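Computed from a predicted model, the values in this text were never measured in an experiment.
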Amino acid sequence: PAEEYRNGLGEVVKHALLMTAQSFESLEANATAVAARDLAILAEIAKANVTFKATVVEDDERESGRRAILNLGHTTAHALELAAGYGSLGHGYAVALGLLVSLAISESLLGLDPSVRDRTRTLLQRLGLPTSIPLPSMGILIEAMGRDKKVTADSQGFVGLKAIGAPVWGIDVPRAALVAALE
């Protein structure tokens, strides 16, 4: 169904941000074809995404390091899903929103170029994904983020980007930066 297709695209955008600037630019250039389900373009994208994810997982089978990058946008996504009530907000939609939060945090803490978030927002819109929703209580969101599976005693486990294709994981995010990014 169209909604589930769009949900899957949230993960595609995430992978493009993690892979390379060229991957992201290619997705931007082909957004209309992707939204229209052009099979030739989708075959290329699916192959690139599966290859990327398989390589990351193979290199870190026990989730002790780099594999954490696959959680880009997910700390916020899981909190939004929990706060909205599971099933109310599709996972890919939540990931799309979480990507924008991660990119805002990346700007403030890692020096990410703000144009990346602007470009990502535009791409998400072109693919039919949400870029904003009414937020539940900030307290509920922050608490849910603190209970996410990636949180350890040493780190919030947040994933951000220094640049497209240059992820950083295990980031501790000050509450003020998190609130600002969520808003």
Side-chain angles (χ1 to χ4, degrees), residues 6-19 21 24 27 53 56 60 63-125 127-183:
R6 285 189 303 272
N7 265 294
L9 295 177
E11 296 285 344
V12 170
V13 174
K14 175 194 79 174
H15 285 158
L17 286 164
L18 291 169
M19 288 191 279
F24 190 79
L27 186 57
K53 186 168 184 176
V56 170
D60 184 10
E63 288 192 73
S64 60
R66 185 171 187 264
R67 184 170 172 175
I69 67 171
L70 297 176
N71 293 317
L72 180 68
H74 281 68
T75 300
T76 302
H78 294 155
L80 288 170
E81 288 171 309
L82 180 64
Y86 283 103
S88 299
L89 180 65
H91 182 67
Y93 288 12
V95 168
L97 295 163
L99 290 173
L100 295 174
V101 172
S102 291
L103 297 175
I105 289 169
S106 296
E107 290 168 19
S108 66
L109 299 182
L110 302 173
L112 178 69
D113 182 334
S115 70
V116 173
R117 184 164 42 122
D118 293 336
R119 290 170 58 198
T120 301
R121 181 182 295 107
T122 299
L123 177 59
L124 293 170
Q125 290 168 338
L127 295 173
L129 291 162
T131 57
S132 66
I133 61 169
L135 283 178
S137 154
M138 196 61 68
I140 291 171
L141 280 176
I142 302 289
E143 180 185 339
M145 290 174 137
R147 292 187 305 175
D148 194 63
K149 68 180 181 176
K150 294 165 296 308
V151 174
T152 67
D154 300 328
S155 170
Q156 289 177 351
F158 208 89
V159 180
L161 294 178
K162 285 185 181 178
I164 295 173
V168 178
W169 62 93
I171 302 168
D172 285 323
V173 180
R175 182 182 173 97
L178 185 57
V179 169
L182 285 164
E183 290 176 343

Using every non-hydrogen atom in the two residues, find where [X] and [Y] come nearest and quote the distance to one decimal.
X	Y	answer
Trp169	Gly65	NE1-O, 3.5 Å
Thr76	Met145	OG1-CE, 2.9 Å
Glu107	Pro114	OE2-CA, 3.5 Å
Ala96	Leu129	CB-CB, 4.1 Å
Lys14	Leu99	N-CD1, 3.8 Å
Ala16	Leu27	CB-CD2, 3.8 Å

Any side-chain heavy-atom pair of [X] and [Y] under 4.5 Å:
X	Y	value
Pro174	Leu109	yes
Tyr93	Leu80	no
Ile105	Leu178	yes
Val159	Ser102	no
Ile142	Val179	yes

- Would you mind telling me which of Leu17, Leu103, Leu112, Thr120 makes a side-chain contact (heavy atoms from CB on, under 4.5 Å) with Ile164?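 Per the side-chain contact (heavy atoms from CB on, under 4.5 Å) rule, the option paired with Ile164 is Leu17, out of Leu17, Leu103, Leu112, Thr120.
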Between [atom1] of [X] and [atom2] of [Y], what distance do you get to the nearest 0.5 Å?
X	Y	atom1	atom2	value
Ser132	Leu124	OG	CG	11.0 Å
Leu72	Thr75	CG	OG1	9.0 Å
Leu127	Thr122	CG	OG1	11.0 Å
Thr131	Arg121	OG1	CZ	6.5 Å
Met19	Lys53	CE	NZ	12.0 Å
Leu182	Leu97	CG	CG	10.5 Å

- Working for side chain to side chain contact (heavy atoms under 4.5 Å, CB included), residues His74 and His91: CA-CA 9 Å; His74 281 68; His91 182 67; 3.3 Å; yes
- Message: Working note: Leu18 + Leu161, criterion side chain to side chain contact (heavy atoms under 4.5 Å, CB included); need CA distance, chi angles, decisive distance, verdict.
- Response: CA-CA 8 Å; Leu18 291 169; Leu161 294 178; 4.1 Å; yes
- Residues His15, Leu70; criterion side chain to side chain contact (heavy atoms under 4.5 Å, CB included); working and verdict: CA-CA 8 Å; His15 285 158; Leu70 297 176; 4.1 Å; yes
